[in-house]
Amino acid sequence: MKRIFESSDFFTVPDGTDVSILLNASDVIQTTLPSGSIGDISIAAGKVRPGISSWIHSHPAVMQVTYVTLGRLTVWMKDTEVPRPYAQSLESGQAVVCQPGTLFQLQNVTDTTAEVLYIVSPSYLFETEGTQIVYDDAIMVAETWEELEAAKYEVPGLKVKRAEQAAKRGEAARWPGLIASA
């Protein structure tokens with residue numbers, strides 16, 4: 001394919017970080033990307049400004065690779081195999097993988113903006129009708145780990161099962177023209 005792709009303008013997503021769409025197989029807005037040309041993945045650029053901690057969130061139906069291209073970033077994660085959250089400190093050229101259902105949070109405790117690539121499979125879906133979010137592959141869970149621990153990890157966002165999210169995702173994907181990706 002003889003094409004150069006560029007990311008769109010950055011916008012702030014519900015977790016508090018900034019995202020710019022680069023490639024997304026599910027994005028109807030991206031008309032220069034031939035159908036089926038990249039399989040079922042999406043790639044977005046991200047920026048995490050100094051002092052920003054994203055909301056703790058989970059992707060029940062997709063896997064995400066977070067690859068740091070510039071700066072440093074701490075990624076806090078908790079999956080079902082571990083009783084407590086753990087930190088992964090990343091520098092430029094390093095990545096982490098968050099499997100479906102993993103709780104994670106991005107933190108930038110440095111004084112410079114961290115830049116990342118998000119590689120998601122299957123491709124990320126984020127659907128809106130006007131300003132209303134109709135569907136999002138990310139489920140916001142809590143602002144802090146202390147909040148989650150105090151609730152003994154019993155919060156509504158964690159009750160969503162992978163199969164349930166996949167069904168909602170499939171329904172959202174059937175509405176062409178409404179899908180926008182993050």
Colleague: Of all residues at least two apart in sequence or in a different chain, which pass the side-chain hydrogen bond (donor to acceptor under 3.5 Å, both in side chains) check with Ser54?
Modeller: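 None.
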Colleague: Does a side-chain heavy-atom distance below 4.5 Å link Val75 with Leu90?
Modeller: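 Side-chain contact under 4.5 Å: yes.
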Colleague: With a 3.5 Å distance limit and no angle check, can you tell me whether Tyr124 reaches the backbone of Ala138 through a side-chain donor-acceptor pair?
Modeller: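 Yes: the side chain of Tyr124 pairs with the backbone of Ala138.
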Colleague: For a 4.5 angstrom cut-off between non-hydrogen side-chain atoms, does Tyr118 reach Val19?
Modeller: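 Yes - at least one pair of side-chain heavy atoms lies under 4.5 Å apart.
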Colleague: Find out whether Tyr153 and Val141 are in side-chain contact, i.e. whether some heavy atom of one side chain is under 4.5 Å from a heavy atom of the other.
Modeller: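 When only atoms from C-beta onward are counted, Val141 and Tyr153 do not touch, as no gap falls below 4.5 Å.
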Colleague: Check side chain to side chain contact (heavy atoms under 4.5 Å, CB included) between Trp76 and all other residues, then give those that pass, not counting sequence neighbours.
Modeller: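 Scan of Trp76 (side chain to side chain contact (heavy atoms under 4.5 Å, CB included), adjacent residues dropped) gives Thr74, Pro85, Ala87, Gln105, Gln107, Trp145.
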Colleague: Are Met77 and Val109 linked, directly or through intermediate hydrophobic residues, by side-chain heavy-atom contacts shorter than 4.5 Å (ILVMFWY only)?
Modeller: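 The answer is no; the residues belong to distinct hydrophobic clusters.
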Colleague: Go through it in stages, so that I can follow the logic: the residues are Gln64 and Val62, the test is side-chain contact (heavy atoms from CB on, under 4.5 Å), and I'd like the CA-CA distance, side-chain angles, deciding distance and then a yes or no.
Modeller: CA-CA 7 Å; Gln64 176 176 301; Val62 300; 5.6 Å; no
Colleague: Drop me the distance from Ser123's OG to Ile41's CD1, to the nearest 0.5 angstrom.
Modeller: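 Those atoms lie 8.5 Å apart.
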Colleague: If I take atom CZ from residue Arg84 and atom CG from residue Leu148, how far apart are they, to the nearest 0.5 angstrom?
Modeller: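 Answer for the CZ-CG pair, Arg84 versus Leu148, is 11.0 Å.
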Colleague: CH2 of Trp55 to CD1 of Ile139: how many Å apart, nearest 0.5 Å?
Modeller: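 Answer for the CH2-CD1 pair, Trp55 versus Ile139, is 13.0 Å.
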Colleague: In Å and rounded to the nearest 0.5 Å, what is the CG to CD1 distance from Leu22 to Ile119?
Modeller: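 If I round to the nearest 0.5 Å, the distance is 10.0 Å.
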Colleague: Check whether Met63 and Leu23 end up in the same hydrophobic cluster, where Ile, Leu, Val, Met, Phe, Trp and Tyr are linked by side-chain heavy atoms less than 4.5 Å apart.
Modeller: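 Shared cluster, yes.
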Colleague: Is there a side-chain contact between Ser20 and Asp9, using heavy atoms and a 4.5 Å cut-off?
Modeller: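 SC-SC contact between Ser20 and Asp9 ruled out.
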Colleague: Given Asp15 and Met140, is the side-chain contact (heavy atoms from CB on, under 4.5 Å) satisfied, shown in steps?
Modeller: CA-CA 7 Å; Asp15 79 351; Met140 301 303 125; 3.7 Å; yes
Colleague: Return all side-chain donor-acceptor pairs below 3.5 angstrom for residues 94-102, not counting sequence neighbours, or 'none' if the list is empty.
Modeller:
{"residue": "Gln94", "atom": "OE1", "partner": "Glu91", "partner atom": "N", "Å": "2.8"}
{"residue": "Thr102", "atom": "OG1", "partner": "Gln99", "partner atom": "O", "Å": "3.1"}

Colleague: So does Val48 get a backbone contact from the side chain of Asn108, meaning a donor-acceptor N/O pair under 3.5 Å?
Modeller: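 Yes; judged by distance alone, with no hydrogens or angles, the pair exists.
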Colleague: Go through the steps to decide whether Val116 and Leu73 satisfy the test side-chain contact (heavy atoms from CB on, under 4.5 Å), and finish with yes or no.
Modeller: CA-CA 9 Å; Val116 299; Leu73 190 63; 3.7 Å; yes
Colleague: Can you run down the salt bridge (Lys or Arg N to Asp or Glu O under 4.0 Å) pairs that involve residues 61-79, sequence neighbours left out, and say none if there aren't any?
Modeller: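 The answer is none; no pair qualifies.
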Colleague: Could you tell me which residues satisfy side chain to side chain contact (heavy atoms under 4.5 Å, CB included) with Thr112, sequence neighbours excluded, listed by chain and number?
Modeller: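 Checked Thr112 against side chain to side chain contact (heavy atoms under 4.5 Å, CB included); matches are Thr110.
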Colleague: Test: salt bridge (Lys or Arg N to Asp or Glu O under 4.0 Å). Region: residues 44-56. Which pairs qualify, not counting sequence neighbours?
Modeller: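 Listed once each, the pairs are Asp18-Arg49.
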Colleague: Parallel under 30°, tilted from 30 to 60°, perpendicular over 60°: which one fits the rings of His59 and Phe104?
Modeller: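 Perpendicular: the ring planes of His59 and Phe104 meet at over 60°.
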Colleague: Could you give all pairs that pass the salt bridge (Lys or Arg N to Asp or Glu O under 4.0 Å) test and reach residues 100-117, with sequence neighbours left out?
Modeller: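 For residues 100-117, and leaving out neighbouring residues, there are no salt bridge (Lys or Arg N to Asp or Glu O under 4.0 Å) pairs at all.
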Colleague: Using a 4.5 Å cut-off on heavy atoms from C-beta on, say whether the side chain of Ser53 contacts that of Leu106.
Modeller: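 They are not in contact (no side-chain heavy atoms under 4.5 Å apart), so the answer is no.
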Colleague: Ignoring hydrogens and angles, tell me if any N or O in the side chain of Asp137 forms a donor-acceptor pair with the backbone of Leu125 under 3.5 Å.
Modeller: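 Yes: the side chain of Asp137 pairs with the backbone of Leu125.
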Colleague: Kindly give the heavy-atom pair with the smallest separation between Thr69 and Ser92, and that separation in Å.
Modeller: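 Scanning both residues, the minimum pair turns out to be O-OG, 3.6 Å.
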